[in-house]
Amino acid sequence: NDADDEAGQYVLVDKDVKLIRDHFGLSHLRYQDMSPVLIPQGYTKSYLDGEINHQDQMADIRRAYLNIVKATKLRGGNHNNHSITICEGTGHV
């Protein structure tokens with residue numbers, strides 16, 4: 001189980017990720033894939049000041065999405081009929 005990779009590790013994630021993971025029984029997904037980019041206080045200033053690399057963050061999002069799709073397929077989900085992947089964001093930067 002890929003999610004076991006995080007056992008015993010301290011992982012920073014969006015506050016809603018634990019709730020969603022527990023409620024929907026998504027223990028086969030890694031926290032870091034469910035929350036690949038964090039938007040902490042001061043993010044907008046750091047982004048505008050060029051301290052955050054947009055391409056790196058896009059790569060993190062793509063990697064997380066592919067990991068989620070892979071973990072779902074390995075679990076037996078049919079990507080076309082029985083499982084969905086919701087990509088949600090903050091709506092502002």
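Just so you know, these numbers use all the heavy atoms, side chains as well, and skip hydrogens, waters and symmetry mates.
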Salt bridge (Lys or Arg N to Asp or Glu O under 4.0 Å) involving Lys15 - partner list, sequence neighbours excluded: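 Lys15 satisfies salt bridge (Lys or Arg N to Asp or Glu O under 4.0 Å) with no residue once adjacent residues are dropped.
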
Residue list, salt bridge (Lys or Arg N to Asp or Glu O under 4.0 Å) with Asp60, at least two apart or on another chain: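 Listed in chain order: Arg63.
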
Can you find a pair of side-chain heavy atoms, one from [X] and one from [Y], that are under 4.5 Å apart?
X: Met58; Y: Arg62; answer: yes
X: Leu26; Y: Met34; answer: yes
X: Thr72; Y: His28; answer: yes

Side chain to side chain contact (heavy atoms under 4.5 Å, CB included) partner of Asn53, the single match among Gln57, Glu51, Gln55: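 Answer to the side chain to side chain contact (heavy atoms under 4.5 Å, CB included) test with Asn53 among Gln57, Glu51, Gln55: Gln55.
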
Drop me the distance from [X]'s [atom1] to [Y]'s [atom2], to the nearest 0.5 angstrom.
X: Ile20; Y: Asp14; atom1: CD1; atom2: CG; answer: 9.5 Å
X: Lys73; Y: Ile68; atom1: NZ; atom2: CD1; answer: 13.5 Å
X: Ile61; Y: Asp33; atom1: CD1; atom2: CG; answer: 12.0 Å

ILVMFWY network linking Leu19 to Leu12, side-chain heavy atoms under 4.5 angstrom: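 Different hydrophobic clusters.
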
Polar side-chain atom of Arg21 near backbone of Leu29 as donor-acceptor pair, under 3.5 Å: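 The answer is yes, because a donor-acceptor pair under 3.5 Å joins these two groups.
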
Listed once per pair and sorted, the salt bridge (charged side-chain N to carboxylate O under 4.0 Å, His left out) pairs that draw on residues 35-48, sequence neighbours left out: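 For residues 35-48: Lys45-Asp49.
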
Least distance between heavy atoms, Leu38 atom then Tyr43 atom: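 Nearest heavy atoms, Leu38 then Tyr43: O-CD1, 3.9 Å.
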
